[in-house]
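Beneath this line is the structure, given in structure tokens, with notes to follow.
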Amino acid sequence: FFVFGGTRAALPRASFDLGRPEPAAMVVAATFVSLPAQPLTSKLAVGSPFADRSTPPVQPSADAPQGSALSKAALGLALGLAARAMVRHQKGAAAAAARRPSGRADAATARRAVMERDAVTGKRKKEERPVFPFSAIVGQAEMKLALILNVIDPKIGGVMILGDRGTGKTTTIRALVDLLPEIDCVSDDPYNSSPSEYDNMSDEVRNRLANSEEVPVVKRKVPMVDLPLGATEDRVCGTIDIEKALTQGKKAFEPGLLAKANRGILYVDEVNLLDDHLVDVLLDSAAGGWNTVEREGISIRHPAKFILIGSGNPEEGELRPQLLDRFGMHAMIRTERDPELRVQIVESCQEFADDPKLMREKFLEDNLEFSKQIIIARENLSKVTIDADLRRKISRVCSELNVDGLRGDIVTNRAARAFCAFDGRTVVTEPDIKKVCTLCLRHRLRKDVLSTMDNGDKVQQVYDMIFT
């Protein structure tokens with residue numbers, strides 16, 4: 001739109017397509033052009049979204065020209081440029097349509113129809129890149145166990161995976177997507193809000209339910225979102241929707257990666273190389289389970305409860321202790337030394353590279369069995385009990401190891417219950433605690449520069465002393 005001395009002159013909306021560079025450039029240029037066709041009474045129209053309400057209106061001087069020839073010439077130039085851009089755009093579109101074969105046009109129409117149908121049904125718009133089957137991964141039992149237990153009980157708090165390069169850390173984490181169960185979500189909510197769990201609802205869904213409105217519910221897989229190292233803070237937290245601001249004059253919030261990862265998994269590869277300001281954002285969200293955005297005149301908060309999974313090579317840099325403590329589990333990955341296992345890994349990698357679809361079909365049944373076992377464990381988790389004597393022994397282990405805080409006690413109890421549910425039982429035993437104790441306490445020990453013993457060995461040594 002153009003602004004003339006307190007009035008708007010709107011051009012046809014259909015003539016501007018933000019997906020094409022030339023008209024979009026005209027829109028942006030035209031939006032910020034203020035040409036006084038009549039006596040100037042303010043910098044911008046009162047109704048304009050870009051109006052500066054903090055600045056008093058500028059009163060014209062007594063000798064100010066009224067409707068000068070310069071203003072009229074500038075107005076004619078702007079309108080002429082806009083009309084020229086529209087004509088060139090229409091001619092280019094017509095020429096492209098004429099050159100396109102009929103079969104290609106039909107295919108393009110079919111693709112658009114499929115995408116629209118997918119948007120309605122909530123399914124994926126296109127087939128994603130195939131991932132390595134989780135059940136085909138050889139070795140690395142500690143890492144796979146930590147990932148499965150976090151899917152069963154997200155309150156464990158995530159897992160940090162450190163190890164040598166080329167040991168399959170990223171491959172294993174991405175393969176977890178095949179095992180993720182489906183959850184109930186409000187279909188028109190961008191934060192994956194739960195229709196029944198009050199703590200996992202956004203403020204908008206809560207208000208709708210308070211007003212006795214019906215909310216549409218859809219089944220979705222637990223989301224898995226990648227956080228790249230080069231991500232900016234506004235892309236992670238969310239920012240103002242520029243498109244709506246320019247085209248509609250409305251201040252709207254564009255959700256970021258934390259909103260997409262709510263009730264799901266947030267994966268950070270090479271987390272030890274993540275910028276400090278992004279680490280602060282993750283710490284803030286992980287602590288309270290909510291993301292608060294205060295920027296560009298927008299004040300909004302939304303739920304951001306996610307399973308934080310990170311991977312990295314300790315040789316490339318240390319992880320901040322504040323962030324390391326936020327991970328519920330810590331898995332150390334070593335390079336396989338058994339020649340037979342190394343040959344199996346090489347053969348499976350070659351098989352997947354030759355025909356990914358065939359290999360995924362080969363391990364489809366195993367993945368489904370894993371997935372069913374996880375779903376059953378999630379349903380039975382609330383029925384699992386742990387004896388008070390075992391709880392006291394867990395706390396004694398943490399106290400003997402001088403673990404700061406109580407996160408070690410809490411996470412160990414939860415991980416033992418999750419392992420028991422995964423094994424199909426309802427009563428936690430000592431072997432369950434031994435299986436998860438090292439994963440939950442290894443990274444919580446204080447550093448001792450004079451000690452040559454691995455932290456995992458220390459945990460096992462203290463466990464054997466107290467439980468035997």
Side-chain angles (χ1 to χ4, degrees), residues 142-143 145-162 197-200 262-266 282-290 303-310 319-332 374 377-423 425-446 455-456 458-460 462-463 465-467:
E142 186 177 271
M143 173 171 56
L145 175 63
L147 293 172
I148 290 175
L149 295 183
N150 272 273
V151 175
I152 294 174
D153 187 3
K155 293 182 180 179
I156 290 176
V159 55
M160 177 64 194
I161 301 172
L162 291 178
E197 300 174 7
Y198 190 78
D199 291 340
N200 292 324
N262 184 39
R263 302 180 67 201
I265 296 174
L266 183 65
L282 293 181
L283 287 174
D284 186 40
S285 299
W290 287 80
K305 296 181 179 180
F306 48 82
I307 303 172
L308 184 60
I309 297 180
L319 193 65
R320 286 175 56 177
Q322 301 96 322
L323 182 59
L324 184 60
D325 188 60
R326 290 293 177 183
F327 289 98
M329 291 182 166
H330 183 280
M332 287 296 296
I374 290 174
R378 285 169 63 101
E379 294 174 351
N380 296 333
L381 182 62
S382 59
K383 304 175 185 178
V384 178
T385 59
I386 180 171
D387 188 71
D389 184 58
L390 294 181
R391 293 181 186 272
R392 281 191 291 269
K393 289 184 177 180
I394 291 175
S395 296
R396 286 181 58 192
V397 171
C398 295
S399 177
E400 191 70 24
L401 291 170
N402 293 323
V403 174
D404 294 332
L406 297 175
R407 285 200 181 100
D409 306 58
I410 297 172
V411 172
T412 305
N413 278 272
R414 285 179 173 167
R417 293 176 68 243
F419 182 82
C420 180
F422 184 64
D423 200 35
R425 294 176 285 105
T426 57
V427 179
V428 175
T429 60
E430 290 187 5
D432 299 335
I433 300 174
K434 184 176 183 179
K435 197 74 175 180
V436 302
C437 194
T438 303
L439 286 170
C440 299
L441 301 178
R442 172 192 283 133
H443 58 298
R444 306 183 190 277
L445 273 60
R446 296 181 180 180
N455 284 349
K458 287 183 181 179
V459 174
Q460 285 296 325
V462 174
Y463 172 88
M465 180 182 67
I466 293 177
F467 277 84

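Here NE2 of H443 is found 10.5 Å from CG of L162. Values are rounded to the nearest 0.5 Å. Note that OH of Y463 is 5.0 Å distant from CD of E430, once rounded to the nearest 0.5 Å. Rounding to the nearest 0.5 Å places CG of N150 at 6.0 Å from CE of M329. To the nearest 0.5 Å, the span separating CZ on F422 from CZ on R378 amounts to 13.0 Å. To the nearest 0.5 Å, atoms CD1 (I386) and OG1 (T426) are separated by 12.5 Å. Here CD1 of I433 is found 11.0 Å from CD1 of I466. Values are rounded to the nearest 0.5 Å.
Residues K458 and N455 meet the side-chain proximity criterion, which asks for heavy atoms closer than 4.5 Å. Taking the side chain as every heavy atom from C-beta outward, C398 and D409 approach each other to under 4.5 Å. Between F306 and P154 the shortest side-chain heavy-atom distance does not fall below 4.5 Å. L149 is listed as a side-chain neighbour of F419, based on a closest heavy-atom distance under 4.5 Å. Taking 4.5 Å as the limit, some side-chain heavy atom of L308 sits within range of a side-chain heavy atom of F327. Between L445 and V459, the closest side-chain pair of non-hydrogen atoms falls below 4.5 Å. The closest side-chain heavy-atom distance from I394 to N413 is below 4.5 Å. L147 places a side-chain heavy atom less than 4.5 Å from the side chain of V159.
Remark: D153 does not engage K155 in a salt bridge, criterion side-chain N to carboxylate O under 4.0 Å. Salt-bridge check for R425 with D432: passed, with a basic side-chain N closer than 4.0 Å to an acidic carboxylate O.
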Original post:
Hey, mind stepping through T412 and L441 against side chain to side chain contact (heavy atoms under 4.5 Å, CB included) and telling me if it holds?
Top reply: CA-CA 8 Å; T412 305; L441 301 178; 3.8 Å; yes
Original post:
Step by step, would you call D404 with R444 a salt bridge (charged side-chain N to carboxylate O under 4.0 Å, His left out)?
Top reply: CA-CA 7 Å; D404 294 332; R444 306 183 190 277; over 6 Å; no
Original post:
Under the side chain to side chain contact (heavy atoms under 4.5 Å, CB included) criterion, do M160 and L324 qualify, and how do the steps go?
Top reply: CA-CA 8 Å; M160 177 64 194; L324 184 60; 4.1 Å; yes
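Residues C440 and A415 approach most closely at SG-CB, 3.7 Å, considering heavy atoms. Nearest heavy atoms, V397 versus C437: CG1-SG, 4.2 Å. Residues A331 and R442 come closest through the heavy atom pair CA-NH1, 3.8 Å. Contact between M332 and E142 at its shortest, heavy atoms only, is N-OE2, 3.2 Å. Closest of all the heavy-atom pairs between L145 and K435 is CD2-CG, 3.9 Å. Nearest approach of L439 to A146, heavy atoms of both residues: CD1-CB, 4.3 Å.
When the shell of 6.0 Å around NZ of K393 is examined, it contains more than 12 heavy atoms from other residues, nucleotides or ligands.
In this structure, the side chain of N380 does not engage the main chain of A421 through any donor-acceptor pair within 3.5 Å. R417 places a side-chain N or O within donor-acceptor distance of the main-chain N or O of L381, the cut-off being under 3.5 Å.
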